[in-house]
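Just follow the structure's listing: the first ligand is 1, and inside any ligand the first atom is 1.
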Amino acid sequence: MNTTNDIDFNPEYTTVWSFPERGAWATHKSDYRGNFAPQIARNVIEMYSKKGDCVLDPMVGAGTTLIETKLLARDAIGIDINPDAAKLSKEALQFKHKPASKQEVRIADARDLSSIKDESVDLILTHPPYMNIIKYSEGKIAGDLSNIGSLPKFCDEIELIAAEMFRVLKCDKYCAILIGDTRRGRHYVPLAFNVMQRFLKVGFVLKEDIVKVQHNCKMTNRWKWKAQQGGFYLIMHEHLFVFRKPKANEDLARIKYSANFV
Ligand SMILES: C[S@@+](CC[C@H](N)C(=O)[O-])C[C@H]1O[C@@H](n2cnc3c(N)ncnc32)[C@H](O)[C@@H]1O
């Protein structure tokens with residue numbers, strides 16, 4: 001197991017990211033459905049935090065973000081509403097790494113981060129369900145966002161999480177969220193842009209919109225022939241939005257088109 005920082009990794013420098021080969025270092029695995037590539041976490045953590053910082057992932061799944069914080073010597077809090085995911089995250093952190101840092105996994109609802117103090121976190125990186133495309137708890141856990149099939153209802157719940165993330169993040173620090181879109185009735189449902197608007201609404205400003213090319217998607221083979229015959233394209237990208245929490249009393253006029261100025 002490679003837990004040194006001698007890892008085959010080149011930092012991204014454009015707004016299009018593509019990782020045909022998912023990073024497989026340390027304890028990273030690909031078996032939690034919908035988990036993101038370690039390269040995403042590594043790029044975001046290296047770009048927007050420094051050693052010793054506190055990183056939060058409030059929908060941590062199988063722990064990709066936390067593994068990377070450990071390898072990069074950042075402290076971290078990982079939260080998931082699903083005890084099975086929290087267990088996987090804890091197991092994935094069972095390796096030694098120097099310099100040491102502290103990772104904590106909690107079972108909680110991201111809509112209520114009251115266990116975390118105001119303005120105590122240096123970076124947030126998270127990856128919510130894309131409505132009910134993957135039903136993580138099969139409807140068994142109330143509060144699991146992957147139970148929700150209605151776009152406005154989903155966005156209302158995401159807005160609660162965005163407001164909590166805004167509260168716990170320090171000013172002038174960053175919050176990154178990976179989110180994809182879907183189709184209904186062969187038409188495009190712009191989930192990502194709707195979610196982005198809710199982040200602006202709670203006070204974040206938009207720093208980056210990174211397009212992440214999707215690879216190894218389980219649905220591709222199932223839908224490929226339908227798309228070819230049905231006159232639509234398979235969605236093969238997601239958005240990694242990076243938001244900044246403005247400084248107290250910051251004059252946003254200069255960046256009004258990146259903020260909620262309407
Ligand atoms: C796309 S997965 C995250 C995958 C993660 N990035 C990884 O690499 O393993 C979304 C996660 O959000 C969790 N989730 C859904 N609703 C939640 C809520 N209200 N609070 C906290 N976690 C929630 C699900 O249990 C699921 O593990």
**Message:** Is there a salt bridge (Lys or Arg N to Asp or Glu O under 4.0 Å) between K135 and E138? Walk through the geometry before answering.
**Reply:** CA-CA 5 Å; K135 297 180 181 71; E138 298 289 347; over 6 Å; no
**Asked** Using a threshold of 4.0 angstrom between heavy atoms of the protein and any atom of ligand 1, which residues qualify?
**Response** Y32, G34, N35, F36, P58, M59, V60, G61, A62, G63, T64, D80, I81, N82, A108, D109, A110, H127, P128, P129, Y136, G143, D144, L145
**Asked** Hey, is D156 close enough to K153 for a salt bridge, meaning N to O under 4.0 Å?
**Response** no
**Prompt:** Hey, what's the ring geometry for F199 with F243, parallel, tilted or perpendicular (30° and 60° as the breaks)?
**Reply:** parallel
Name each donor-acceptor pair under 3.5 Å that joins a side chain in residues 86-93 to protein atoms two or more places apart or in another chain, with its distance.
residue: K87; atom: NZ; partner: E91; partner atom: OE2; Å: 3.3
residue: S89; atom: OG; partner: G61; partner atom: O; Å: 2.8
residue: S89; atom: OG; partner: G63; partner atom: N; Å: 3.1

**Request:** Say whether, by atom type as modelled, one donor and one acceptor occur between the side chain of D53 and the main chain of K50 under 3.5 angstrom.
**Result:** yes
**Prompt:** In terms of the angle between their ring planes, are Y32 and Y136 parallel, tilted or perpendicular, with boundaries placed at 30° and 60°?
**Reply:** parallel
